[in-house]
Amino acid sequence: DTINAGFTGLATMMAKQNENLIDAITESNEKTQERLFTLINKSIDNKEQQKSDNHKKSISKRQEISEHIDEVLFDILLWSNAQRASIIEFHNSKENLDGLSFLWYDIQHEKQQKGIDTLSSKAKNLQATNLRPIIKRINNEKTHIIHMGPEDIENIYNESTVFYQYMKEIKASHLVYCGIYNNDTNELRAMLCLEYQEGYPYHEDLIDYFI
């Protein structure tokens with residue numbers, strides 16, 4: 001009886017210790033999970049804040065350089081005697097169902113002569129694949145500058161029917177494209193375009209590729 005009582009007391013004591021241990025482990029796990037969730041939420045908040053800050057900085061930078069770009073474009077429009085001077089910018093803000101990015105372009109900056117309709121209001125989220133013949137020519141040219149006359153525009157139909165139609169709609173007869181590259185990666189990021197329309201003179205001697 002004494003031995004049995006001793007084992008019973010020992011078992012009871014061990015059960016209480018196990019209960020205390022389980023409670024301690026459970027409490028520790030709860031606190032660990034709570035700290036982990038706190039860290040995760042804090043990390044997410046920091047990333048969202050950083051993303052927001054970067055976006056604000058980007059907008060500020062865009063506003064800062066836009067005025068200067070417009071001034072340069074207007075100068076180019078005047079000395080080149082073109083009907084339009086514009087900047088075509090590439091972006092990939094969309095993707096297909098398999099996650100493959102689409103390549104698009106916008107015209108954000110544009111200067112045109114009086115009486116020439118604007119393009120920038122229409123040229124939003126257009127497929128850059130339609131500009132592939134132009135992009136290819138610019139990348140392959142040593143100066144990264146190309147000129148397309150009436151015959152070149154007619155022949156481009158075989159490579160891009162959509163681009164050909166665009167040029168016919170705006171009645172373009174001469175086009176000059178200059179590649180704008182990232183200085184660090186040397187990748188094409190945008191293009192400067194000079195547009196000469198039908199019925200307007202194109203003076204090749206006015207186009208200084210160095211300028």
Practice task
May I ask you to decide if the ring planes of H147 and H174 are parallel, tilted or perpendicular, using 30° and 60° as cut-offs?
Solution key: parallel

Practice task
Could you walk me through whether H109 and D70 pass side-chain hydrogen bond (donor to acceptor under 3.5 Å, both in side chains), step by step?
Solution key: CA-CA 7 Å; H109 299 277; D70 287 338; 3.1 Å; yes

Exercise for the section: Using the rule that two of Ile, Leu, Val, Met, Phe, Trp, Tyr join whenever any of their side-chain heavy atoms come within less than 4.5 Å, decide whether Y105 and I156 are in one cluster. Expected result: yes

Exercise for the section: Check L77 against A82 and note the closest heavy-atom contact, atom names and distance. Expected result: CD1-O, 3.2 Å

Handout entry: Beyond-backbone contact of E64 with S66, side-chain heavy atoms, under 4.5 angstrom
Key = no

Exercise for the section: Nearest 0.5 Å please: distance from the CD1 atom of I40 over to the CG atom of L36. Expected result: 4.0 Å

Practice task
Tell me whether I180 is reachable from Y177 by hopping between hydrophobic residues (I, L, V, M, F, W, Y) whose side-chain heavy atoms are closer than 4.5 Å.
Solution key: no

Exercise for the section: Write down the atom of L73, the atom of S86, and the distance for their closest heavy-atom approach. Expected result: CD2-N, 4.1 Å

Problem - Considering all heavy atoms, the nearest I207-Y202 contact - result: CG1-OH, 3.9 Å

Exercise for the section: Would you indicate whether the side-chain heavy atoms of Q113 and I116 approach each other to under 4.5 Å? Expected result: yes

Exercise for the section: List in chain and number order the residues that pass side chain to side chain donor-acceptor pair (under 3.5 Å) with Y166, two or more places apart in sequence or in another chain; answer none if no residue qualifies. Expected result: none

Handout entry: Test item: side-chain donor near acceptor, Q197 and S173, under 3.5 Å
Key = no

Completion exercise
Note: I135 and A128 closest approach over all heavy atoms is CD1-O, 4.1 Å

Practice task
Compare all side-chain heavy atoms of Y196 with those of L194 and state whether any distance is below 4.5 angstrom.
Solution key: yes

Practice task
Kindly compute the distance separating CD (Q33) from NZ (K31), expressed to the nearest 0.5 Å.
Solution key: 13.5 Å

Handout entry: From CA spacing to verdict: side-chain contact (heavy atoms from CB on, under 4.5 Å), E151, N155
Key = CA-CA 6 Å; E151 185 177 349; N155 291 335; 3.8 Å; yes

Handout entry: Single-linkage hydrophobic cluster L175~I107, side-chain heavy atoms < 4.5 angstrom
Key = yes

Practice task
Is it possible for you to say whether I76 and Y209 belong to one hydrophobic cluster, with membership spreading through side-chain heavy-atom contacts below 4.5 Å?
Solution key: yes

Handout entry: Test side-chain contact (heavy atoms from CB on, under 4.5 Å) applied to M191 and F90, step by step
Key = CA-CA 9 Å; M191 298 186 301; F90 300 115; 4.0 Å; yes

Completion exercise
Tightest non-hydrogen contact, residues K111 and F74, listed as CG-N, 3.9 Å

Exercise for the section: Considering only NZ, NE, NH1 and NH2 on the basic side and carboxylate oxygens on the acidic side, decide whether E154 and K168 come within less than 4.0 Å. Expected result: yes

Problem - From L192, L131, I134, residue fulfilling side-chain contact (heavy atoms from CB on, under 4.5 Å) relative to I88 - result: L131

Fill in the blank from the handout: Distance col, row N130:CG vs T161:OG1, nearest 0.5 angstrom, shows 7.5 Å

Completion exercise
Result for side-chain hydrogen bond (donor to acceptor under 3.5 Å, both in side chains) between E195 and one of Q112, Q83, R84 points to R84

Handout entry: salt_bridge(K171, E169) N-O dist < 4.0 Å
Key = no

Handout entry: Residues V176, I146; criterion side-chain contact (heavy atoms from CB on, under 4.5 Å); working and verdict
Key = CA-CA 6 Å; V176 177; I146 64 169; over 6 Å; no

Problem - Atom CG of N183 with >12 non-hydrogen neighbours under 6.0 angstrom - result: no

Practice task
Tell me, please, which residues at least two apart from K124 pass side chain to side chain donor-acceptor pair (under 3.5 Å).
Solution key: none

Exercise for the section: May I ask you to decide if E34's main-chain N or O and T38's side chain share a donor-acceptor pair within less than 3.5 Å? Expected result: yes

Handout entry: M148-I145 co-clustered via ILVMFWY side chain contacts under 4.5 Å
Key = no

Exercise for the section: Could you tell me whether the side chains of H91 and D106 share a donor-acceptor contact shorter than 3.5 Å? Expected result: yes

Exercise for the section: For the pair E159 and R132, find out whether any cationic side-chain nitrogen is under 4.0 Å from an anionic carboxylate oxygen. Expected result: no

Practice task
Starting from the C-alpha separation in whole Å, work towards a yes-or-no answer on side-chain contact (heavy atoms from CB on, under 4.5 Å) for L126 and W104.
Solution key: CA-CA 5 Å; L126 297 180; W104 306 83; 5.6 Å; no

Exercise for the section: Work out which heavy atom in I87 is nearest to a heavy atom in A190; give both atom names and the distance. Expected result: CG2-CB, 4.3 Å

Exercise for the section: Establish, yes or no, whether a centroid distance under 6.0 Å links the rings of H144 and Y181. Expected result: yes

